[in-house]
Amino acid sequence: MNLLDIVAALNLSVVSGEDRLAAEITGGYVGDLLSDVMANSKEGDLWITRQIHQNIVAVASLKDHAGIILIQGCKPAADTLDKARKEGVPIMVTDMPGFEVIGKVYNMIATKKGSDPST
Amino acid sequence: MTTNVLSHETAIYENSFPVEGGTYENAGHVSSQIKALLKRMNISKEVVRRAALVTYESEINICSYARSGKIVLRVTPEHVTIEAIDEGQGIVDIELAMQEGYSTATDRIREMGFGAGMGLCNIKNFSDFFRITSEIGKGTHLKMVIRIDKDFDGI
């Protein structure tokens with residue numbers, strides 16, 4: 001299952017990194033504390049957050065995340081969007097609350113990987 | 001008498017990168033550069049990830065608390081050494097600052113998802129050797145060493 005499958009299933013709007021949606025998704029991370037995300041997320045994770053400032057691009061890029069989903073109608077700041085486009089980091093936005101987004105993404109990954117995608 | 005083993009190793013790369021204090025505009029810029037450099041040196045992914053993380057946290061600290069600073073990268077065949085040296089207010093109580101969850105961050109910093117009191121702990125946890133010294137009113141000096149293990153590329 002790749003990022004494009006998740007975009008389609010959750011009806012996400014892709015605002016940057018449109019050419020990187022083929023990335024295989026095997027896990028995700030949820031957090032708004034950047035140090036927590038830096039320490040605990042993994043390469044290839046789909047990061048779900050409501051932070052919108054440009055440092056999210058630096059974190060996603062340093063951690064080699066597959067992309068960032070901004071929840072609850074959060075839109076990336078203008079400089080965030082510029083940076084994400086320049087660095088080819090996919091940012092997707094949705095009006096859905098985080099709980100719903102996370103549940104849906106988790107289930108999609110779980111059905112592809114077994115009952116516990118964290119293992 | 002103490003000897004510094006690391007200083008006897010021949011550096012294959014050494015460079016200093018300036019970091020601007022008081023703004024997050026370019027935060028992460030040095031870490032990205034260092035990550036790309038280390039990748040090009042064919043250093044294992046795990047070492048590159050750890051070096052990028054400790055550099056990023058150091059950059060954020062300089063952006064948040066210092067007037068200005070620099071990151072010094074030194075690579076030898078055995079180690080990646082990163083130093084973060086800033087001119088700033090310094091740290092009053094280092095022991096307290098090293099406690100997970102303790103932070104002197106302003107609301108503005110916290111709103112951006114920084115200042116959770118995790119930065120220095122992350123730096124310590126992701127380094128093999130870590131040293132912090134600080135002088136009030138002058139600045140803070142962090143030194144992080146990550147061992148390059150050619151046989152181990154993380155779990």
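Naming convention: chains lettered A, B, ... in sequence-line order (proteins, then strands); numbering from 1 in each chain.
- To the nearest 0.5 Å, atoms CG (A/L34) and CD1 (B/I60) are separated by 7.0 Å.
- Put simply, CZ on B/R49 and CE on A/M38 are 11.0 Å apart, with the number rounded to the nearest 0.5 Å.
- Within the 4.5 angstrom heavy-atom criterion, no atom of A/E87 approaches chain B.
- Salt-bridge annotation for B/R110 and A/D32: absent, with no side-chain N of the basic residue lying under 4.0 Å from a carboxylate O of the acidic one.
- In this structure, the separation between CG on A/L62 and CD on B/E59 is 8.0 Å, given to the nearest 0.5 Å.
- Here A/H53 contributes atom NE2 and B/E25 contributes atom CD; the two are 14.0 Å apart, rounded to the nearest 0.5 Å.
- Contacts between A/D64 and chain B at a heavy-atom distance below 4.5 Å involve backbone atoms as well as side-chain atoms.
- Both the backbone and the side chain of B/Y24 come within contact range of chain A, with heavy atoms under 4.5 Å apart.
- Hydrophobic clustering of Ile, Leu, Val, Met, Phe, Trp and Tyr side chains at less than 4.5 Å, counting indirect connections, keeps B/I85 apart from B/I136.
- One hydrophobic cluster, built from ILVMFWY side chains closer than 4.5 Å, holds both B/L142 and B/L73.
- Taking hydrophobic clusters as Ile, Leu, Val, Met, Phe, Trp and Tyr residues chained together by side-chain heavy-atom distances below 4.5 Å, B/Y102 does not share a cluster with B/M98.
- Panel note: side chain A/K63, backbone B/L53; no donor-acceptor pair is recorded below 3.5 Å.
- The main-chain N or O of A/S35 is found under 3.5 Å from a side-chain atom of B/N122 such that the two form a donor-acceptor pair.
- A/L33 and A/F99 are assigned to two separate hydrophobic clusters, defined by single-linkage of ILVMFWY side chains at heavy-atom distances under 4.5 Å.
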Exercise. Kindly determine whether B/F114 and A/N55 satisfy side chain to side chain contact (heavy atoms under 4.5 Å, CB included), including the steps that lead there.
Key: CA-CA 10 Å; B/F114 301 120; A/N55 290 283; 3.7 Å; yes
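- With respect to chain A, the highest number of heavy-atom pairs below 4.5 Å among B/S31, B/A27, B/G113 belongs to B/G113.
- What you find for B/Y56 and A/A58 is that their closest heavy atoms are CE1-CB, 4.0 Å.
- For B/Q33, the CD atom sits in a packed shell: over 12 heavy atoms of surrounding residues, nucleotides or ligands are nearer than 6.0 Å.
- One hydrophobic cluster, built from ILVMFWY side chains closer than 4.5 Å, cannot hold both B/V72 and B/V145; they sit in different ones.
- Taking chain A as the reference chain and counting heavy-atom pairs below 4.5 Å, the highest number among B/H29, B/M118, B/R50, B/E111 is found for B/M118.
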